[in-house]
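A note on names: the letters A, B, ... follow the listed sequences, proteins ahead of strands, and every chain is numbered from 1. Note that this is a predicted model, so its numbers are computed, not measured. These numbers come from the heavy atoms of this one structure, side chains and all, not from hydrogens, waters or symmetry mates.
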Amino acid sequence: MSDQDAVFGHRGNRDASVVNSQGKGTIDGTRPSGPVGQGRAGDPFLIGEGMTGGYGKGPDILNNCTIAVEKGQIAVIVGPNGAGKSTAMKAIFGMLNLRQGSVRLDGRDITALNPQDRVKAGMGFVPQVNNIFPSMTVEENLEMGAYIRNDDIRRTMEQVYDLFPAVAAKRRQAAGELSGGQRQQVAVGRALMTQPSVLMLDEPTAGVSPIVMDELFDRIIAIARGGLPVLMVEQNAKQAMMIADKAYVLVQGANAHTGTGHELMQNDEVRRTFLGG
Amino acid sequence: MSSNRQSASASPWRAPIVFAILAALFVLEGTVRNGMFSGSWNTSLAILNMGLISAITALGVNMQWGYAGLFNVGVVGFLALGGLAPVLVSLPPVQGAWSAGGPRLILSLLVGLGTLALARIVYARTRRGLLVALVLIAGFVAYRWLFDPAVSAIEANNAASAGNIGGLGLPVLLSWAVGGAFAAAAAWAIGKVALGLRSDYLAIATLGIAEIIVAVLRNEDWLARGVKNITSIPRPVPYEIDLQQNPAFVDFATRWGFSAAEASGIWVKLCYMSLFLVVLLTIVLLAELALKSPWGRMMRAIRDNETAAEAMGKDVTARHLQVFILGSAVIGVAGAMMITLDGLMAPTSYNPLRYTFLIWVMVIVGGSGNNWGAILGAVLIWFLWIKAEVWGPNLIGLLVGPLPDGDVKAHLLGSAPHMRFIAMGAVLLLVLRFAPRGLVPEK
Amino acid sequence: MDILNALVAFLNFVFIPAAAYGAQLALGALGVTLIYGILRFSNFAHGDTMAFGTAITIIATWGLQSLGVSLGPLPTALLALPIGIAGTALLVLATDRVVYRFYRVQKAAPIIFVMASVGVMFVMNGLTRLLIGVDEQRFDDGARFLIAVRDFREWTGLAEGLALRSTQALTVIVTVIVCAALFWFLNRTKGGKAMRAYSDNEDLALLSGIDPEKVVRMTWIIAAALMTIAGVLYGLDKSFRPFNYFQILLPIFAAAIVGGLGNPIGAIAGGFLVAFSEVAVTYPWVKIAGYLAPGWEPGGLLQLLGTEYKFAVSFVILIVVLLFRPTGLFRGKSV
């Protein structure tokens, strides 16, 4: 909601013959990036450290929250509803203003960068919803993923198709006509097209069937084993921890438990409070 | 970020201050004669009267926009339809017109409406497009078979001075209500179609229906003589000429230091003004009462959160239709009043820019959702619209004064009256940008 | 029965005029649909911007004519068209910078853009009036007919004549070229795909590295070109009267909505559908009926509606399509 929305309230927004709210953006694309700083010695590959902040002028949602992911590993963020999981990921991606803390990637401090420039700096981000271009074909979705690249993208595209054979067969179809799981594959594929140095997935399995979820997890493991670190927010905590090299349990925007997936699965408190016994 | 946001809690003095400025402008117009003002009370009151009618129109639009968020871009159509009422209600009957084809004409219109209704029923019962098409074609043929000879007969009747169906000879004030009813009926038909779809298509639908209504007025000579215009629509107030011949009035005028001609004009305009004010205040009063009633609370609830209201079992579409009809009725009343004031029905004058979009400028400038804002915005914008025609050339004349005489100067001077379009656009854009809640923001 | 003459009459009075008119509507609707899809509002200033672009082109045409430049059989306006497009593009870009950009940065609700476009409409209307006045202007020169009625009769020996005005042929040819170029651009080039991506999903486009301002600029330039071309072709075919350009807004909107707002193919289909229906419904078919059924004497002109009611036709088509296919014939974005 921007200030301008308050002017007319909801007036006129129902009239499809004059207004088109479909695909309207929410990210402020005009915020300029600040300078890139030096990373710290001994940092993990990607770290959001001591992050505190919230949306706009609203209250803090994150309180001194730290998330990190090492090369070749899968890190998951889990936690109860409203714990700030997605917010933590968006903070790392630069979509909210941090009052404290910093985000460092591959030896650089990128706290001051806006989301667009973080993509250029090597972050591949897959939003939870609206993560494809529905009226464009699968192939065009991938091309758009590689928009910032000026080199030959065909090899990357073949790699993506190899990873997701199901969507490869539908490369000429509009992405919006695919099934939920296939859309997610297109979304991940689109993010991979930039050849990112870290892949960030916001609840990639939201709303897909268990079978599709298993398949997606398999693909994600494959991506990580290929050397690309993966940071992901997951609703299905159990399955996520099983594949996680590192898991972060957030409660009320702060780190509650941190450890390898296996460790946390063994942790009584974690099991009791939110894995359901 | 919030550079353009007005403070949400506007001063309670805002409306009175704007009102006072407005009043001062009209007094200046009536008393001071210089490059900006005419110094004639007749001009001042003429602007005010039309401003009051604009205010009623703006009230109607503001009901639709302010209460329900409906974007009506067919204001000109509802105004024109309302304007038809004085012609059909208050004009004296045309000799021979009714006997020439009146009943047949009415029958044809009934057949036309019946066909539409039948098609709807057939579709609802059978869902067979072919059958519906058959009904429509048969109905259309029957309608044209009845309609065409009736119209020819009526238009042939005393074609030089009449050729129309004529009126009922009833009081013209009655026609104001009828005008509202006409507009309401059209609004019901159009709203029923455009508001019932998955999302509204009201803007384009109203744009279309307005074009059609104006086209009907322009081309159906039997109705209101089309482009041949109808003059001499009866007045609810005295005629100037009668006043000037009335010794008591002439006496009265000279005592106040006016000539009889000037005083009679002022008197007539004051009479109109009182009538318009009564209508305006009645509508505002009813609107404000309605807003405070349970119905109004529901309307506000729907406007603030449509989804929640729908979840609570409120029929949002039906409420929107209600408001659309009510607002259009108010516009229709204004249309009838306008024709009464002009004493002239001239379909070619119904220009959407002037009668739809200028009204929108009034509503936005006044403050969406605020009745008093709509009124003040309407009168102010109308004043500026009229005066811009004078100020524009004066301003251009001043600016190009130093230029040597030539084509460019002549062209600029010649086109100066068009400046008011640019001025109105600029006013709207500036208000949207710097005071988007309008002069008198909604509470 | 005289099928040949009936066919010629049909081509002459229905098909050719409707094709030319449809092409003009299609170009106008393409502009509306692009702006709706990418900038997310219906541009009420569209008609008046068309008039403005045409006015610049007319003035440039007069300038060229006074210099003695001409294109021979083709209208000089074709040569002046690039000047008109450039002028209109500059104006709409300036408008965007001064008016719309502020709301875009604010992520304002689309309805505010609609309101702003009403303001822009007033300004454009005034500018056009300042530039060229409100009177009718004719600016077509060059050869008037590709096929004249009398020549056609002599060649074929038919009773019925056929006229093909050069402006009609030109309209259709230019429209085909423009549409082909536009679709090539939208579907084959990086810039065009970026525009479609932005229309689909603004945020994702931004995150993919697409510069929103660049997309918006491109959209305005293309829309300005479409508006100017449509306006000039309409003016060449009929005549230039600024008020007509305001009125054409309804059929243009109707065409864009009938085709599915935001869908370029739909806009073209909608334009031709509206045009053909308008002409077919308002044409007196008595002559053609006379050729097809020589013995039959119909009482009237066999005209469904008077030409004055052509706007009613676009309106009825619009309503019917919306009742049965709310997203338009081709799936648009207005769900």
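Interface residue A:T26: backbone and side-chain heavy atoms are both found under 4.5 Å from chain C. For A:R149, the part lying near chain C is the backbone, with the side chain staying farther off; criterion is any non-hydrogen pair under 4.5 Å. Heavy-atom distances place the side chain of A:R190, and not its backbone, under 4.5 Å from chain C. At a 4.5 Å heavy-atom cutoff, C:A256 makes no contact with chain A through either its backbone or its side chain. For A:V119, the part lying under 4.5 angstrom from a heavy atom of chain C is the side chain only. For A:P134, the parts sitting under 4.5 Å from any heavy atom of chain C are the backbone and the side chain alike. The parts of A:Y147 that come within reach of chain C are both its backbone and its side chain, each placing non-hydrogen atoms under 4.5 angstrom from that chain.
A side-chain N or O of A:E234 and one of A:T205 form a donor-acceptor pair less than 3.5 Å apart. Using a 3.5 Å distance cut-off with no hydrogens or angles, the side chains of C:N263 and C:T33 do not pair a donor with an acceptor.
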Take C:Y36 and C:F113 through the test ring-ring contact (aromatic ring centres under 6.0 Å, His included) and record every step on the way to the result. CA-CA 11 Å; C:Y36 182 89; C:F113 289 80; over 10 Å; no

Checking C:N187 against C:R196 for the side chain to side chain donor-acceptor pair (under 3.5 Å) test, could you report, in this order, the C-alpha distance in whole Å, the side-chain angles of both residues, the deciding distance, and whether it holds? CA-CA 9 Å; C:N187 292 320; C:R196 285 165 56 214; 3.3 Å; yes

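The residues C:R104 and C:E213 are annotated as salt-bridged, a charged nitrogen and a carboxylate oxygen being separated by less than 4.0 angstrom.
Interface summary for chain A: among C:S117, C:P212, C:A205, the most heavy-atom pairs under 4.5 angstrom belong to C:A205. Most heavy-atom pairs under 4.5 Å with chain A, from the set C:V32, C:V114, C:I210: that is C:I210. Interface check for chain C: of the options A:K120, A:M136, A:Q116, A:E143, the most heavy-atom pairs under 4.5 Å are formed by A:M136.
Heavy atoms of other residues, nucleotides or ligands lying less than 6.0 angstrom from NZ of C:K190 number more than 12.
Annotation: cation-pi geometry satisfied between A:R171 and A:Y161 (NZ/CZ under 6.0 angstrom from ring centroid, within 45° of ring axis).
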